[in-house]
Amino acid sequence: MAKVILDKNRKKRLEEGHPWIYKSEIASTEGNPAPGDVVEVTDHRGKPLGTGYYNENSQITVRLLSHGKVEQMDEAFFVSRFRDCLRHRDRFVVGTAYRLVYGEADFLPGLIVDRFDDVLVVQILTLGMDRRRAEIVNALVEVMRPVGIYERSDVSVRNLEGLEETTGVLYGECPRHVTVKENDLLIKVDIEQGQKTGYFFDQRENRASIRPLMTGWGERSGIALQDVEGEQRPVNKNGKVVEFPHWDGATVLECFSHTGSFTLHACEYGAKKVTCLDISAHAIESARENVSLNGFDDRVEFVVADAFDYLRENVKGLEERKRRAEGLSKVDTSVPMPAGGGRSWDVVILDPPAFAKTRSAVKGAVRGYKDINLHGMKLVSEGGYLVTASCSYHMRPDLFLETIQEAARDAGKTLRLIEWRAAGKDHPQISGVDEGHYLKFAVFEVRSR
């Protein structure tokens with residue numbers, strides 16, 4: 001086995017659990033390793049530090065597989081690792097739809113596998129894994145017994161490894177659409193054209209966490225339970241019995257909805273009305289199908305629009321409505337209210353795609369996160385809730401919270417942090433690997449100052 005000797009003056013990241021070795025950290029090699037080869041890693045004194053695979057054409061030249069000895073990345077190696085992955089998910093995740101393999105966090109750097117019941121979607125990100133494509137597929141078949149395995153390696157990071165982007169069936173039969181269950185809800189997933197591998201499992205527990213926000217709003221509308229003919233019934237302020245079963249539910253706005261996953265959970269937990277918004281017509285069509293699949297059609301409206309514009313327009317409408325109510329502007333009845341009319345919601349959910357994919361993009365990302373959160377919290381009804389997330393690794397947790405606080409200051413709002421969460425249990429995090437700590441999820445109560 002070839003050997004990689006690390007530089008004496010490098011940072012001791014490897015000893016702290018980080019699995020990446022950069023080209024600048026390598027002092028020399030022995031044995032002429034070829035791209036993709038398994039190599040032994042030692043420090044400058046020859047002390048063994050682990051085993052990884054090698055690619056001199058990548059800035060991340062070695063990706064560690066183990067702090068011990070790995071003879072080869074053969075089918076038996078992958079079978080053993082996949083069984084470990086399955087044991088973890090069987091212990092912590094309910095159901096058969098989840099992230100089965102999460103790269104470095106499952107000691108399989110450069111490999112992602114999502115499970116959609118009996119269909120697997122694979123993403124191969126590195127040359128070292130790409131060279132073991134057959135071994136990976138054979139091992140997945142042995143451990144998981146899927147009906148099909150589909151590849152979604154259509155990601156630009158492969159270019160950094162000298163690889164082309166690729167998609168297609170690797171094994172068996174793979175229908176384009178698969179329907180799975182998450183938190184007892186049916187989700188139809190497009191594994192060929194959906195974002196990433198088709199669905200984002202990392203927010204599973206976070207989506208379930210919005211349950212307490214969805215009910216307890218009837219009193220604001222003047223509805224209360226009263227004794228009617230010996231039975232507790234909801235009665236409005238005019239004394240009429242309210243027949244609508246979700247009279248106590250929240251009004252909800254979900255922005256960047258993708259497949260409508262938060263919308264589905266909001267309805268399941270009792271929301272009265274949900275506005276489901278995405279800029280992509282394809283995404284909204286997917287969300288519409290999922291809403292119908294679960295029988296929530298009567299409580300959801302769909303909007304194809306840019307979230308930034310939609311939030312901004314409704315804020316303008318609210319501000320104009322307030323000015324008119326207070327007599328601060330002359331009312332020309334021939335001029336309609338601004339676009340959007342100035343709506344507000346009990347709960348506003350912001351789950352945008354990554355705004356900062358590189359360190360250099362952070363400054364612009366901060367502006368983007370501040371913009372949507374500022375306008376989002378302005379549209380939350382008094383004492384309602386802002387649910388906000390960031391999946392940008394480079395947007396560190398402290399910076400994300402600072403940005404939201406700046407938005408609250410400019411919006412004239414006081415925020416109470418109710419909940420702070422990260423990715424779910426099928427996305428474990430290795431201590432010492434900051435790159436795994438990418439997802440930030442927060443629930444804030446919003447009050448005016």
Side-chain angles (χ1 to χ4, degrees), residues 1-44 48-68 70 72-73 77-78 81 99 101-113 122-133 135-136 152-166 196 354 356-362 391-394 396 427-438:
M1 185 181 294
K3 186 179 294 186
V4 170
I5 299 97
L6 302 186
D7 188 85
K8 178 181 179 180
N9 298 316
R10 68 184 170 88
K11 291 182 179 179
K12 300 299 189 290
R13 294 182 307 107
L14 205 65
E15 290 86 342
E16 294 173 358
H18 204 292
W20 294 352
I21 299 170
Y22 290 93
K23 190 183 296 290
S24 60
E25 298 176 303
I26 297 174
S28 62
T29 61
E30 294 178 2
N32 297 317
D37 279 358
V38 175
V39 295
E40 180 185 356
V41 180
T42 74
D43 67 9
H44 65 284
L49 296 176
T51 311
Y53 62 80
Y54 179 83
N55 184 3
E56 64 181 355
N57 299 315
S58 172
Q59 287 301 312
I60 304 174
T61 307
V62 179
R63 296 175 189 260
L64 209 69
L65 297 165
S66 171
H67 288 278
V70 174
Q72 54 185 330
M73 293 171 67
F77 165 83
F78 285 107
R81 291 289 166 97
R99 176 145 292 181
V101 179
Y102 184 37
E104 282 78 355
D106 280 308
F107 312 105
L108 288 165
L111 181 64
I112 300 292
V113 182
V122 172
Q123 198 171 71
I124 300 172
L125 305 175
T126 60
L127 177 68
M129 285 296 176
D130 201 77
R131 277 186 49 180
R132 280 88 181 179
R133 183 180 299 264
E135 290 88 344
I136 290 168
R152 282 295 303 273
S153 299
D154 49 345
V155 285
S156 59
V157 71
R158 280 174 60 90
N159 302 328
L160 302 177
E161 292 276 321
L163 300 169
E164 294 182 353
E165 298 179 26
T166 182
K196 298 294 180 71
K357 295 185 178 180
T358 63
R359 188 174 285 107
S360 61
V362 170
C391 60
S392 300
Y393 155 67
H394 294 286
R396 306 305 299 150
H427 288 66
Q429 300 172 1
I430 298 294
S431 178
V433 184
D434 290 342
E435 288 82 358
H437 299 254
Y438 70 98

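Reckoned from all heavy atoms, side chains included, excluding hydrogens, waters and symmetry mates.
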Engineer: Could you go through the side chain to side chain contact (heavy atoms under 4.5 Å, CB included) check for H437 and Y393 one step at a time?
Structural biologist: CA-CA 7 Å; H437 299 254; Y393 155 67; 5.9 Å; no
Engineer: What's the shortest heavy-atom distance between D43 and R10, and which atoms?
Structural biologist: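 Shortest heavy-atom separation between D43 and R10 comes out as CB-NH2, 4.0 Å.
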Engineer: Could you grab the distance from atom CD1 of I136 to atom CZ of F77, nearest 0.5 Å is fine?
Structural biologist: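 If we round to the nearest 0.5 Å, I136:CD1 and F77:CZ are 9.5 Å apart.
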Engineer: Ignoring hydrogens and angles, tell me if any N or O in the side chain of R158 forms a donor-acceptor pair with the backbone of E164 under 3.5 Å.
Structural biologist: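 Yes, because the side chain of R158 sits within donor-acceptor range (under 3.5 Å) of the backbone of E164.
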Engineer: Minimum heavy-atom separation for R132 to V38, with atom names?
Structural biologist: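 Here R132 and V38 meet closest at NH2-CG2, 3.7 Å.
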Engineer: What heavy-atom pair brings L125 and I112 nearest, and what distance separates the two atoms?
Structural biologist: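 Looking at all heavy atoms of both residues, the shortest contact is CD1-CG1, 4.3 Å.
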Engineer: Would you call D37 and R131 a salt bridge, taking side-chain N to carboxylate O under 4.0 Å as the test?
Structural biologist: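 Salt bridge between D37 and R131, a charged N being under 4.0 Å from a carboxylate O: yes.
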Engineer: Quick one: pull up CG in L6 and OG in S24 and give me the separation to the nearest 0.5 Å.
Structural biologist: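 Nearest 0.5 Å value for the CG-OG distance: 10.5 Å.
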Engineer: Would you call E165 and D154 a side-chain contact if the rule is heavy atoms closer than 4.5 Å?
Structural biologist: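 Side chain of E165 against side chain of D154, heavy atoms only: contact under 4.5 Å found.
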Engineer: If the test is side chain to side chain contact (heavy atoms under 4.5 Å, CB included), which one of R396, Q429, H427 qualifies with Y438?
Structural biologist: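 That would be H427.
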Engineer: Using side chain to side chain contact (heavy atoms under 4.5 Å, CB included), reason through T166 and R133 one step at a time and then give a plain yes or no.
Structural biologist: CA-CA 12 Å; T166 182; R133 183 180 299 264; 4.3 Å; yes
Engineer: Please check: side-chain N/O of Q123 versus main-chain N/O of R152, any donor-acceptor pairing under 3.5 Å?
Structural biologist: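 The answer is yes, because a donor-acceptor pair under 3.5 Å joins these two groups.
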Engineer: What I'd like to find out is whether the side chain of E104 reaches to under 4.5 Å of the side chain of H18, using heavy atoms alone.
Structural biologist: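 No, too far: nothing below the 4.5 Å cut-off.
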Engineer: Within this structure, what is the CD-CE distance for the pair E40 and M1, rounded to the nearest 0.5 Å?
Structural biologist: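 One finds 7.0 Å between CD of E40 and CE of M1.
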Engineer: What do the steps show when you test T126 against Y53 for side-chain hydrogen bond (donor to acceptor under 3.5 Å, both in side chains), and what is the final call?
Structural biologist: CA-CA 10 Å; T126 60; Y53 62 80; 2.7 Å; yes
Engineer: I'd like to know whether CG of N32 has more than 12 heavy-atom contacts from other residues, nucleotides or ligands below 6.0 angstrom.
Structural biologist: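 For N32, atom CG is not crowded (no more than 12 foreign heavy atoms under 6.0 Å).
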Engineer: Do the non-hydrogen side-chain atoms of D106 and P428 ever get within less than 4.5 Å of each other?
Structural biologist: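 SC-SC contact between D106 and P428 confirmed.
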Engineer: Which heavy atom in S392 sits nearest to a heavy atom in A354, and how many Å separate them?
Structural biologist: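 Taking every non-hydrogen atom into account, OG-CA, 3.3 Å.
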Engineer: Nearest 0.5 Å, please: how far is CD1 in I26 from OG1 in T61?
Structural biologist: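 Nearest 0.5 Å value for the OG1-CD1 distance: 4.5 Å.
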Engineer: So, S58 versus E161: side-chain donor-acceptor pair below 3.5 Å or not?
Structural biologist: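 Yes, E161 and S58 have a side-chain donor paired with an acceptor closer than 3.5 Å.
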Engineer: Just do the side chain to side chain contact (heavy atoms under 4.5 Å, CB included) check on W20 and V433 with the steps written out, would you?
Structural biologist: CA-CA 9 Å; W20 294 352; V433 184; over 6 Å; no
Engineer: Do you know the tightest heavy-atom contact between L108 and M129?
Structural biologist: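 Result for this residue pair: C-CE, 3.8 Å.
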Engineer: Tell me whether the count of non-hydrogen atoms from other residues, nucleotides or ligands lying under 6.0 Å of NZ in K8 goes above 12.
Structural biologist: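 No, not enclosed.
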Engineer: Find the distance between CD (E15) and NE2 (H67) and round it off to the nearest 0.5 Å.
Structural biologist: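 Going from the CD atom of E15 to the NE2 atom of H67 covers 8.5 Å.
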Engineer: Please answer whether the main-chain N or O of G68 pairs with a side-chain N or O of T51 as donor and acceptor at a distance below 3.5 Å.
Structural biologist: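 Side chain of T51 to backbone of G68, a donor-acceptor pair under 3.5 Å: yes, one is there.
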Engineer: Nearest heavy-atom pair of R13 and I21: which atoms, and what distance?
Structural biologist: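 Closest pair (atom of R13, atom of I21, distance): NH2-CA, 4.4 Å.
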Engineer: If I take atom CD from residue E30 and atom OG1 from residue T42, how far apart are they, to the nearest 0.5 angstrom?
Structural biologist: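 Reported to 0.5 Å precision, the distance equals 7.5 Å.
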Engineer: Any chance you could lay out the side chain to side chain contact (heavy atoms under 4.5 Å, CB included) test for Y22 and K11, step after step, and finish with the verdict?
Structural biologist: CA-CA 11 Å; Y22 290 93; K11 291 182 179 179; over 6 Å; no
